Amino acid sequence: MQKIARFFKNESGATAIEYGLIAALIAVAVITAVTSLGDNAGATFNEVANEMA
């Protein structure tokens with residue numbers, strides 16, 4: 001009976017899942033930011049190259 005009670009009180013698995021979700025959210029935010037900045041930088045470089053030609 002104590003093992004079952006200890007199992008339900010153990011929150012280490014839930015904590016690991018929460019950290020995993022936070023890391024995934026941060027990764028999505030970073031990927032979105034880098035993609036957006038990359039597209040904007042590429043457009044700027046193309047515009048400058050066209051003006052120089």
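Since we're looking at a predicted model, the values are computed, not measured.
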Would you give me the side-chain donor-acceptor pairs under 3.5 Å for residues 36-49, sequence neighbours excluded?
residue: Asn40; atom: ND2; partner: Ser36; partner atom: O; Å: 3.4
residue: Thr44; atom: OG1; partner: Asn40; partner atom: O; Å: 2.9
residue: Asn46; atom: ND2; partner: Gly42; partner atom: O; Å: 3.2

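Through side-chain heavy atoms spaced under 4.5 Å, either directly or across other Ile, Leu, Val, Met, Phe, Trp or Tyr residues, Val34 is tied to Ile22, Ile26, Val30.
Between Ile31 and Thr35, the shortest heavy-atom distance links the atoms O-OG1, 2.8 Å.
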